[in-house]
There are 2 protein chains.
Amino acid sequence: MAFTTLNEVAKEAGCSANTVSRYINKKGYISMDAAEKIQKAIEKLNYYPSINARAMKKYSSNIISVIIPSIKNDFYVEIIREAENKLKEYGYNVMIFETRSDADKEKYILELSISHRVDGIIMSSISNLSDKLLNTITNINRIPLVLMEILHEGVDCDYIYMQNEYGAMILTEHLIKIHDKKRIGLILPLLENNVSIQRFEGYKKALEKNGIKYDDNLVVFCEINKANGYKHTVELLKDKNPDAIFTSNTIFGTGAIKAFDEMKVKYPKDISFVTFDEYDINTLFHPYITSLHRVDKKFGILAADLVIEQILKKRNNPKKIEIDLSLNIGESCGCK
Amino acid sequence: MAFTTLNEVAKEAGCSANTVSRYINKKGYISMDAAEKIQKAIEKLNYYPSINARAMKKYSSNIISVIIPSIKNDFYVEIIREAENKLKEYGYNVMIFETRSDADKEKYILELSISHRVDGIIMSSISNLSDKLLNTITNINRIPLVLMEILHEGVDCDYIYMQNEYGAMILTEHLIKIHDKKRIGLILPLLENNVSIQRFEGYKKALEKNGIKYDDNLVVFCEINKANGYKHTVELLKDKNPDAIFTSNTIFGTGAIKAFDEMKVKYPKDISFVTFDEYDINTLFHPYITSLHRVDKKFGILAADLVIEQILKKRNNPKKIEIDLSLNIGESCGCK
DNA sequence: CTGTTAGCGCATTCAA
DNA sequence: TTGAATGCGCTAACAG
């Protein structure tokens with residue numbers, strides 16, 4: 001591989017490297033004549049500045065890490081896009097990473113981000129497994145950090161978080177109070193996932209408030225994939241006689257839809273169906289699927305604003321922003 | 001921000017920076033004693049090597065750029081994941097970029113990749129707008145390059161490409177020959193997109209071969225988004241009396257599904273419906289949607305192998321790998 | 001307005 | 001087995 005350097009451009013333009021640098025960074029004054037020659041040299045030699053060298057010199061990479069569980073999830077993709085657009089306004093580039101909800105990969109990506117000397121990290125971490133490393137990042141390395149979705153006790157940084165427990169509760173309660181459901185099947189990610197724990201708590205709270213005994217036959221914990229959503233919906237329908245199904249995310253939700261389709265179980269006629277997250281697919285075709293609405297959906301923009309604030313204003317008193325949830329009534333629960 | 005350096009680790013461990021470097025890179029011999037002290041120092045000081053400094057020294061960043069039109073598209077997401085897994089086997093990290101099919105962004109990302117001194121680029125570029133830059137990359141900078149989806153005449157690098165024209169032809173011909181359709185509505189991306197051109201050609205060829213006159217009222221070119229898929233399906237249905245709809249990608253496809261749903265047009269009863277790409281959503285619920293099957297679906301792995309070959313074996317005779325397409329019959333066209 | 005100098009953090013010579 | 005010296009490409013300080 002072969003790359004032109006600043007020095008080569010300088011030589012070609014008949015000036016010093018410093019002048020070229022100032023031209024590129026638009027710092028200080030440069031004569032028209034020099035500017036022209038430099039521009040020509042840059043084009044002639046196909047010069048592209050080395051980000052590595054620049055980052056070393058400036059103690060700043062101009063990169064923000066955006067780390068999410070999955071890019072196969074519209075919710076997170078929107079966050080990335082919003083954050084990227086916002087950050088670009090301030091001249092930052094984004095490195096996109098997905099953890100696949102894997103603790104080792106999460107750790108690897110965080111360490112990689114430190115090694116890249118990124119100027120900030122926006123992350124959706126749904127377990128506590130990286131908390132120690134996150135503490136190093138924010139306290140020792142002092143990299144501006146924004147965590148999304150849930151609070152990590154003991155990691156003192158900016159947060160944008162949802163009321164997962166409350167959300168699961170109102171969704172469950174809707175099924176109980178409005179549609180008189182008593183046997184609500186729930187499909188959840190494994191409990192090492194804190195979001196899962198919170199949604200599980202919300203479900204149980206709704207039952208308790210409404211005098212329904214918790215039946216652990218109706219609750220399934222499994223790895224997040226469509227196949228599991230399908231499989232466990234089939235099993236619930238076959239063996240557990242549920243009068244409703246509540247999937248904790250859209251991946252499980254699509255598995256459930258497939259199961260309903262194959263078993264010729266129609267919602268809401270034969271069973272009520274609700275899912276936590278609000279996605280495109282929920283209203284792709286009728287019956288529309290009941291879910292929860294994030295009152296402020298701009299996680300990505302909010303997160304970007306928080307990092308930028310930390311960087312530019314050197315703010316270091318952490319902020320916590322709570323995202324409200326409300327019912328997003330469709331037809332799948334039995335309404336309309 | 002504050003980061004520990006190799007020198008600080010060396011001081012803490014009571015040895016030279018060189019020894020620490022050799023320890024980290026597992027190169028050359030090191031006494032057990034030294035190794036232990038160094039490891040302790042690394043942990044105590046939270047040392048994470050600077051990728052920037054390393055890249056400068058080694059003329060190699062260990063990064064491969066994977067550039068795709070959209071991360072909101074399962075086809076590309078799979079490519080990313082496959083490539084990432086494969087590349088990690090060889091010790092490479094991946095930088096993920098999406099161009100949103102925007103020529104300026106495409107150029108920006110390519111230049112950014114050069115500036116990062118990436119060790120290779122895997123890209124799906126569906127226009128010819130960056131061909132000049134791609135030539136610089138492969139001929140001047142000599143960065144290993146693999147292009148996906150379509151051939152770019154004049155860019156001499158590795159390719160993994162599909163028979164877009166053939167695919168559109170057999171899909172159209174299926175509608176004509178098997179289901180006796182004569183007025184097939186087609187929704188395509190704008191023609192600056194080469195994939196679009198090829199699929200359009202395939203459509204026309206199928207009509208011609210079967211003695212059907214081309215009617216440009218039935219063909220729509222528009223920007224790729226769901227709203228356009230919806231809008232143009234509605235318009236076709238209302239005004240153009242089509243007996244089939246062919247959407248050129250899944251984004252348009254979901255828009256079409258929404259339009260069918262709202263207008264209470266049932267496929268395949270009222271109209272035939274086919275879409276080019278094979279996605280999860282096609283078989284999420286019945287009727288399953290007829291599409292094209294990529295005989296070798298591992299674009300990502302193939303691409304990673306090609307870059308690795310270029311890097312490790314210093315291969316520079318370009319390879320072209322063609323991906324075959326075959327009909328993937330569902331029910332939406334009218335077949336059972 | 002421009003050039004000279006120094007040093008960012010690291011890996012790679014070469015000596016010892 | 002280890003240390004000292006060097007330089008990757010760039011920008012910031014300082015001189016001129």
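Numbers restart at 1 for each chain; the letters A, B, ... are given by sequence-line order, proteins then strands.
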Once side chain to side chain contact (heavy atoms under 4.5 Å, CB included) is applied, do any residues pair with [X], and if so which ones, sequence neighbours excluded?
X	answer
B:Ile301	B:Glu82, B:Lys86, B:Lys298, B:Asp305
B:Asp131	B:Asn128, B:Leu134, B:His152, B:Val155
B:Ala35	B:Tyr23, B:Ile30

Protein-nucleotides 13-16 of chain C N/O pairs under 3.5 Å:
unit_1: C:dT13; atom_1: O4; unit_2: B:Asn18; atom_2: ND2; d: 3.1

Taking salt bridge (charged side-chain N to carboxylate O under 4.0 Å, His left out) as the cut-off, I'd like each qualifying pair that reaches into [range], sequence neighbours left out, listed once.
range	result
residues 141-156 of chain B	none
residues 71-80 of chain A	A:Lys72-B:Glu78, A:Glu78-B:Lys72
residues 9-21 of chain A	A:Glu12-A:Lys44

What residues from residues 49-58 of chain B pass a heavy-atom cutoff of under 4.0 Å to DNA chain D?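 Listed by number, they are B:Met56, B:Lys57.
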
Side-chain donor-acceptor distances from residues 53-64 of chain A under 3.5 Å, at least two apart:
unit_1: A:Ser60; atom_1: OG; unit_2: A:Asp119; atom_2: OD2; d: 2.8
unit_1: A:Ser61; atom_1: OG; unit_2: A:Ile63; atom_2: N; d: 3.3
unit_1: A:Ser61; atom_1: OG; unit_2: A:Arg117; atom_2: O; d: 2.8

I'd like to know if B:Arg100 pairs up with A:Glu84 as an ion pair, taking the criterion as any Lys NZ or Arg NE/NH1/NH2 lying under 4.0 Å from an Asp or Glu carboxylate oxygen.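 Looking at B:Arg100 and A:Glu84, the cut-off is not met.
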
Contact class for [X] (heavy atom, under 4.0 Å): base, sugar-phosphate, or nothing?
X	answer
B:Tyr23	nothing
B:Phe3	nothing
B:Ser21	base

Check every nucleotide of DNA chain D for an atom under 4.0 Å from a heavy-atom of chain B, then give the first and the last such nucleotide from 5' to 3'.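 It runs D:dT1 to D:dG9.
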
Terminal helix-axis angle for the helix from C:dC1-D:dG16 to C:dA16-D:dT1, with five pairs defining each axis and rounding to 10 degrees: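 About 40°, once rounded to a multiple of 10°.
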
Identify, with sequence neighbours excluded, every residue that meets side chain to side chain donor-acceptor pair (under 3.5 Å) alongside A:Glu36.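 With sequence neighbours excluded, A:Glu36 shows a side chain to side chain donor-acceptor pair (under 3.5 Å) to no residue whatsoever.
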
